[in-house]
Trainee: 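Please see the structure below; I have some questions.
A quick note: this is a predicted structure, and the numbers were derived from the prediction, not measured. Residue numbers run from 1 in the order of the sequence given.
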Amino acid sequence: MPQDLLARALETLHAVWGYSAFRGVQEEVVMRALQGGHALVLMPTGGGKSLCYQLPALLRSGVGVVVSPLIALMKDQVDTLRQLGVRAAYLNSALSGAEAAEVERLLKAGELDLLYVAPERLLLPRTLELLDGVEVALFAIDEAHCVSQWGHDFRPEYQGLGVLAKRFAHIPRLALTATADERTRQDIITTLSLEGAPTFISSFDRPNIQYRVQQKGSHKAGPKSDLLSFIRSEYPREAGIVYCLSRKSVDDTAAWLRDQGIQALAYHAGLDSRERSRVQERFLQDEGLVVVATVAFGMGIDKPNVRFVAHLDLPKSMEGYYQETGRAGRDGLPSTAWLTYGLGDVVSVRRMLAQSEAPEAVKRVESAKLDALLAYCETASCRRQVLLTYFGQDLPQTCGNCDNCLNPPRTFNATRQAQIALSAAVRSGNRFGAAHLTDIVLGRETEKVLVQGHHQLPTFGVGKDTSESAWRNIIRQLVALGYLTTDAAGHGSLMVTSKAGPLLRGQEQLLLREETFAGKSTSRPKKQDKDRKEPRPTSQDPLFEALRQLRLRLAREQGVPPYVIFHDATLQEMAARRPQSLSVLQTVSGVGQRKLTQYGEAFLTVLRGQV
Ligand code: ADP
Ligand code: ZN
């Protein structure tokens with residue numbers, strides 16, 4: 001009876017997790033699994049994938065076996081589940097022989113609801129035999145895109161998982177991933193024999209993330225100090241990730257932030273593995289740590305209360321950008337994706353691509369991906385619409401929660417200036433960089449200009465009515481939009497492309513964004529505060545702070561990250577509603593039965609004391 005099943009599922013959702021409703025496609029996936037079916041589930045990071053298999057595993061008899069590639073993640077998930085009163089354990093190489101034997105004993109005794117296991121461990125004949133002997137409720141294959149060679153996280157062991165369909169044919173298989181492209185999807189279906197099973201796709205929108213992009217000013221300390229004022233004014237003492245391209249800029253930025261009084265640590269592949277795990281562990285345990293990192297950091301970071309993700313360098317593709325920014329705000333609370341870039345970055349990413357030795361076909365794909373990202377950065381319309389359109393989804397209305405929606409940028413007709421800059425490039429032989437082109441149009445008689453005879457060009461000095469920074473803005477957009485490109489030789493020379501033809505011939509008009517520099521847009525967009533649906537957890541609220549202190553103490557006592565006890569959203573709701581009894585406290589989202597029993601009185605003491 002589906003109705004009865006649904007009622008039982010909702011009851012469990014409330015009793016164990018303290019949530020009152022399913023999110024998006026969760027309900028359909030849970031119902032499918034409860035009825036013994038297989039499924040492929042595509043959800044963005046933070047969309048709530050875990051519940052899709054955890055809940056049916058609790059309701060079906062037997063143990064739910066979860067295949068997960070990341071050891072760090074397993075421990076976190078198991079800690080979280082144990083706090084909910086769920087009997088969970090993991091089997092991986094991090095366990096000692098005795099610990100593994102104990103997990104096996106629990107498994108055989110039917111005393112586990114969920115077992116997390118690394119794929120290579122699962123595929124050992126010994127583990128498969130062990131599973132033959134116990135009742136299995138379902139198999140969940142997390143990060144299922146790892147089966148695909150096309151994906152970015154290919155893991156050969158994942159291809160061996162095809163054995164599940166043969167050996168345990170009648171046990172539900174749920175494959176879950178946040179990477180959705182068509183090829184990867186097909187690989188998952190084929191490898192895991194999911195032909196005929198439904199695919200559930202949830203919206204890829206992350207409405208609680210505010211997307212912001214700002215131009216780097218021309219001053220040297222610019223981007224770092226913009227980052228600092230962003231952190232200070234919006235997220236002091238909150239957790240965040242700052243992405244940089246090189247190890248050196250990671251180290252420099254982290255050190256600089258520390259000098260400015262921000263708790264920051266560096267993370268990159270050049271550090272030894274002990275140091276890397278130490279940083280990762282501290283990021284999970286501490287409340288307000290900023291990790292400055294290369295893209296090596298992030299896989300397996302499931303921390304729900306990352307309040308911001310900042311990019312000091314341009315990501316390589318929209319996919320990368322979306323995945324990295326997706327690490328912000330898994331808890332659903334307001335969070336920010338903040339990116340800053342300038343002319344230099346645009347020129348250097350274009351140059352890196354031109355110099356790449358990849359086969360032409362690959363380069364074309366990469367170049368198209370980069371174009372999409374640059375168009376996103378330069379757009380004057382709603383950023384969320386641009387993002388979702390790229391991922392094949394529609395957002396009918398503008399979002400109201402990106403910088404362009406909050407502070408619509410002004411555009412101007414840049415046709416004449418574009419013609420001047422492009423013609424300066426053509427006339428000087430497509431051999432010079434942005435700085436020299438700017439000197440020409442501004443009519444500066446620099447040594448280089450004189451030596452090259454460029455003071456005799458017809459465009460010399462005709463752009464005097466436009467400021468130098470405005471010229472940088474224009475040239476950056478011309479490069480970003482593909483009217484100018486760089487050569488492979490790597491000197492930053494800008495060449496006019498065939499796209500510029502109609503513009504140069506006056507057959508096309510060009511609208512560009514006005515400059516939006518730091519200072520103007522560093523501060524939180526104006527309309528922001530009154531538009532926010534939920535109040536932000538501010539460190540200024542003493543009750544929220546007191547609840548956070550209690551949570552930290554309880555977490556330290558048990559050696560778990562604070563968010564495993566309660567999420568910020570839960571503390572925030574407590575602070576706003578101030579429940580005075582266990583029965584009211586239980587109605588706060590995120591307070592399930594076990595947590596109520598375990599922590600209810602302690603939190604009530606704080607809630608009562610502060611009224
Ligand atoms: P994913 O694995 O898809 O990245 P998670 O499973 O970690 O996402 O879920 C993200 C967050 O959303 C978690 O903190 C989880 O507790 C919360 N969450 C999931 N489902 C619900 C729900 N139905 N109601 C409220 N919160 C939910
Ligand atoms: Zn918008």
Side-chain angles (χ1 to χ4, degrees), residues 213-227 229 312-314 339-351 374 377-378 380 407 409-487 491-497 500 503-504 509-522:
V213 177
Q214 80 176 33
Q215 264 80 64
K216 285 180 186 169
S218 38
H219 47 110
K220 214 152 176 39
K224 269 191 284 187
S225 50
D226 290 344
L227 174 70
S229 48
L312 282 183
D313 290 301
L314 279 173
L339 181 151
T340 184
Y341 77 109
L343 173 59
D345 299 287
V346 179
V347 170
S348 75
V349 287
R350 283 247 187 261
R351 185 171 59 224
L374 292 175
C377 292
E378 298 291 353
N407 273 333
R410 281 198 300 249
T411 53
F412 66 106
N413 189 327
T415 312
R416 188 180 143 265
Q417 282 118 319
Q419 286 167 338
I420 293 174
L422 292 171
S423 135
V426 174
R427 303 253 182 182
S428 57
N430 287 319
R431 290 186 297 122
F432 296 90
H436 186 71
L437 296 179
T438 309
D439 287 340
I440 297 176
V441 299
L442 285 174
R444 288 181 176 153
E445 297 188 339
T446 64
E447 195 184 332
K448 196 164 164 187
V449 165
L450 295 174
V451 169
Q452 298 288 340
H454 290 162
H455 53 298
Q456 284 154 358
L457 294 180
T459 44
F460 184 76
V462 296
K464 276 189 180 145
D465 53 348
T466 302
S467 72
E468 174 168 2
S469 65
W471 275 116
R472 293 182 70 83
N473 176 48
I474 292 164
I475 295 175
R476 188 199 68 251
Q477 292 186 64
L478 290 174
V479 180
L481 298 173
Y483 293 96
L484 284 171
T485 190
T486 53
D487 63 336
H491 309 301
S493 334
L494 295 176
M495 300 180 296
V496 174
T497 66
L503 187 57
L504 278 169
Q509 299 281 306
L510 183 67
L511 287 184
L512 293 181
R513 286 175 72 114
E514 275 185 10
E515 292 178 273
T516 45
F517 275 143
K520 230 164 107 192
S521 62
T522 319

Trainee: Taking the side chain as C-beta and beyond, is there a heavy-atom pair between T340 and L227 under 4.5 Å?
Mentor: no
Trainee: Could I get the full list of salt bridge (Lys or Arg N to Asp or Glu O under 4.0 Å) partners for D439, not counting sequence neighbours?
Mentor: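 In terms of salt bridge (Lys or Arg N to Asp or Glu O under 4.0 Å), with neighbours along the sequence ignored, D439 is linked to R444.
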Trainee: Do V479 and L374 have side chains that approach each other closer than 4.5 Å (heavy atoms only, starting at C-beta)?
Mentor: no
Trainee: Has the side chain of T486 got a donor or acceptor atom that lies under 3.5 Å from a matching backbone atom of S493?
Mentor: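 Checking the backbone N and O of S493 against the side chain of T486, no donor-acceptor pair under 3.5 Å is found.
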Trainee: Got a sec, which residues hit side chain to side chain donor-acceptor pair (under 3.5 Å) with T466, two or more places apart in sequence or on another chain?
Mentor: Q417
Trainee: Checking the side chain of W471 only, and the main-chain atoms of L442 only, is there a donor and an acceptor separated by less than 3.5 Å?
Mentor: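 Checking the backbone N and O of L442 against the side chain of W471, no donor-acceptor pair under 3.5 Å is found.
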Trainee: Given H436, which of Q452, H454, K448 fulfils the side-chain hydrogen bond (donor to acceptor under 3.5 Å, both in side chains) condition?
Mentor: H454
Trainee: Mind checking the CD-CD1 spacing from Q456 to I440? Nearest 0.5 Å is all I need.
Mentor: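 The distance works out to 12.0 Å.
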Trainee: Output all residues satisfying salt bridge (Lys or Arg N to Asp or Glu O under 4.0 Å) with E445, sequence neighbours left out; order by chain, then residue number.
Mentor: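 Listed in chain order: nothing, the list is empty.
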Trainee: Would you say that F412 contacts I474 through its side chain, given a criterion of any heavy-atom pair below 4.5 Å between the two side chains?
Mentor: yes
Trainee: Indicate yes or no: at least one non-hydrogen side-chain atom of R476 is less than 4.5 angstrom from one of E378.
Mentor: yes
Trainee: Show the nearest heavy-atom pair for residues C377 and R513, with the distance to one decimal.
Mentor: O-NH1, 4.4 Å
